[in-house]
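Every chain is numbered from 1, with letters handed out A, B, ... down the list of sequences. Since the structure is predicted, the reported quantities are computational estimates derived from the model, not experimental observations.
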There are 2 protein chains.
Amino acid sequence: MEVKLPTFDSVFSIDCVIFGFEAGELKILLIERNEEPFKDWLALPGYIVEQDESIDDAAERILYELTGLRDLHMQQFHTFGEVNRHPQGRVITVAYYALIRINGQKELRPVTQFARKAFWHPVNELPKLAFDHSEIFNTGFSKIRRRLNYQPIAFELLPEKFTLTQLQSLYEAILNKKLDKRNFRKKMLSFGFLKELDEKQKGVSYRAAKLYKFDKRKYAKIFHNDMSIEK
Amino acid sequence: MEVKLPTFDSVFSIDCVIFGFEAGELKILLIERNEEPFKDWLALPGYIVEQDESIDDAAERILYELTGLRDLHMQQFHTFGEVNRHPQGRVITVAYYALIRINGQKELRPVTQFARKAFWHPVNELPKLAFDHSEIFNTGFSKIRRRLNYQPIAFELLPEKFTLTQLQSLYEAILNKKLDKRNFRKKMLSFGFLKELDEKQKGVSYRAAKLYKFDKRKYAKIFHNDMSIEK
DNA sequence: AGATAGTGTGTGAAAATTACACCATTAAAT
DNA sequence: ATTTAATGGTGTAATTTTCACACACTATCT
């Protein structure tokens with residue numbers, strides 16, 4: 001009964017596409033590799049899965065080790081399994097994405113020697129990346145663009161308190177198109193999950209904008225099941 | 001320079017959720033296992049990936065070996081990587097789905113001894129399945145339900161020539177809700193990718209319905225980029 | 001006091017969605 | 001020949017959603 005499974009002489013890894021938003025620009029997290037192959041190249045944070053950890057756990061651990069970032073909600077979006085992805089052998093990779101607030105405080109500090117450094121890079125004008133990481137990035141970017149239409153993922157990229165203009169410019173950055181201000185506000189507010197605060201922006205040299213919060217509880221109530229579908 | 005990659009002492013596999021539509025019912029393809037563990041249990045068609053084949057190729061091969069079916073367009077939809085999914089060791093599984101016309105002609109005939117037989121089973125009242133296959137099925141089913149809203153996947157389940165009533169009842173089976181006949185027809189026809197044929201249904205004991213075809217070329221023209229998104 | 005930069009607001013037209021019911025056609029049964 | 005059972009096929013009005021569009025207000029800086 002205790003049959004031993006055949007083993008698979010290959011490597012199983014994780015790559016992470018981590019989106020952030022800063023200064024009106026959408027960015028992703030890259031590392032500078034400190035190991036062959038592709039030493040000195042820029043790459044997505046990624047590494048090998050251990051045998052006794054789930055892939056979700058591995059994704060968290062690996063991102064932490066390479067960038068110092070923790071406790072993000074990462075979601076897998078695709079698995080890359082072509083035969084010749086890696087110059088040294090068969091590697092199968094599950095790609096994850098997350099969206100987070102870029103936060104000056106949280107320093108990006110790799111805790112392994114495998115990455116020399118980690119930093120944010122605008123998604124426009126990405127340089128060539130190691131392996132097939134450009135393809136992985138593109139796949140991930142299309143996924144979140146689509147997901148933006150039916151999931152409240154944008155709020156994970158903004159500070160807790162944000163203005164409607166910030167929210168709009170984030171949508172514009174992800175969708176890569178201009179939106180109409182009045183229609184955007186009307187629609188966002190009509191969802192009913194934005195909570196208007198009694199606070200205003202500070203330190204700006206123009207009329208201060210109202211601040212809003214994303215109200216998870218209301219969101220959950222409103223969209224208990226799904227958003228779309230007609231009769 | 002030629003660093004050997006560490007090997008991963010684990011198994012990498014594929015499971016397939018194959019949807020078909022027959023007699024007004026949505027069905028999936030199951031096999032009866034002929035090997036431990038879970039010998040004699042019902043399961044999704046699935047097996048181990050070889051080292052020199054891509055995961056997409058593996059999915060095709062495995063489905064063929066277990067069921068005799070070939071040349072479907074399978075798409076991966078999720079990777080299952082919990083540590084204790086398999087009683088005998090670490091197994092990571094990429095799950096694929098496909099939608100196909102069930103066709104009496106094409107016999108389901110496993111070509112390996114690993115499956116005793118393969119057969120279609122209605123998605124309602126699925127029995128307990130081996131491993132975590134029930135969870136895999138559920139995940140896949142939600143995916144296609146969502147994808148139905150923005151991709152023309154339903155046509156893959158119908159014969160080449162179909163009636164609008166058949167199309168509607170398929171939508172109803174997937175979405176698990178009744179739709180309004182007039183609105184459904186109006187909407188479907190308004191897309192402009194259904195080609196009305198000069199033919200009618202035969203062999204029915206009531207008024208014969210017009211037959212339609214899905215016109216891929218027109219579909220591609222109309223939806224070159226994407227369907228949704230507002231301004 | 002004036003320049004600057006971004007905030008905040010409403011309406012009307014067009015399009016899409018929804019609700020809703022009856023006659024037409026065919027084959028089989030009588 | 002007539003009836004029955006089953007499904008095919010069609011239109012309209014009310015409602016909701018989407019879209020296009022422009023200007024006055026406020027805070028700060030000089």
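Regarding A/K200, its NZ atom lies at a distance of 9 Å from the P atom of D/dT26, rounded to whole Å. Across the protein-nucleic acid pair, B/L211 atom CG and D/dT7 atom P stand 17 Å apart, rounded to whole Å. The interatomic distance linking A/K181 (NZ) with D/dA22 (C1') rounds to 11 Å, in whole Å. One can place CG of A/D180 at 16 Å from P of C/dT11, the figure rounded to the nearest angstrom. Residue A/L179 contributes atom CG, which lies 12 Å from atom C1' of D/dC19 at whole-angstrom precision. Counting to the nearest Å, the P atom of D/dG8 and the CZ atom of B/F162 are 14 Å from each other. We find that CZ of B/R185 is positioned 10 Å from C1' of D/dT7, with the value rounded to whole Å. Regarding A/F184, its CZ atom lies at a distance of 16 Å from the C1' atom of C/dT9, rounded to whole Å.
Shown here are the side-chain contact (heavy atoms from CB on, under 4.5 Å) partners of A/A154, two or more places apart in sequence or in another chain: A/L148, A/L167, A/L170, A/Y171. Residues satisfying the salt bridge (Lys or Arg N to Asp or Glu O under 4.0 Å) criterion with B/D57, sequence neighbours excluded, are absent altogether.
In this structure, B/R147 fails the cation-pi test against B/Y97, since its NZ or CZ atom is not both closer than 6.0 Å to the six-membered ring centre and inside 45 degrees of the ring normal.
Listed by first then second residue, pairs satisfying ring pair (Phe, Tyr, Trp, His ring centres under 6.0 Å) with a partner in residues 56-76 of chain A number zero, not counting sequence neighbours. For residues 202-215 of chain B, the side chain to side chain donor-acceptor pair (under 3.5 Å) pairs, not counting sequence neighbours, are B/E196-B/K210.
Nearest nucleotide to the side chain of B/R182, out of D/dG9, C/dC20, D/dC21: C/dC20.
Within 6.0 Å of CZ on B/R116 lie more than 12 heavy atoms contributed by other residues, nucleotides or ligands. For B/N176, the CG atom counts as loosely surrounded, since its 6.0 Å shell holds 12 or fewer non-hydrogen atoms of other residues, nucleotides or ligands.
For the pair A/I62 and A/F114, the minimum side-chain heavy-atom distance is 4.5 Å or more.
Here B/T165 lies in heavy-atom contact (under 4.0 Å) with sugar-phosphate atoms only.
Between the side chain of B/K210 and the base of D/dG9 there is no donor-acceptor pair of N/O atoms closer than 3.5 Å.
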Where do N or O atoms of nucleotides 3-5 of chain C meet protein N or O atoms at under 3.5 Å, pair by pair?
none

Can you check each nucleotide of nucleotides 12-17 of chain D against protein heavy atoms at under 4.0 Å and return B for base, S for sugar-phosphate only, - for none, in 5' to 3' order?
-> B-----
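When each of B/V123, B/D132, B/D15, B/L30 is checked for a side-chain contact (heavy atoms from CB on, under 4.5 Å) with B/F137, only B/V123 meets the rule.
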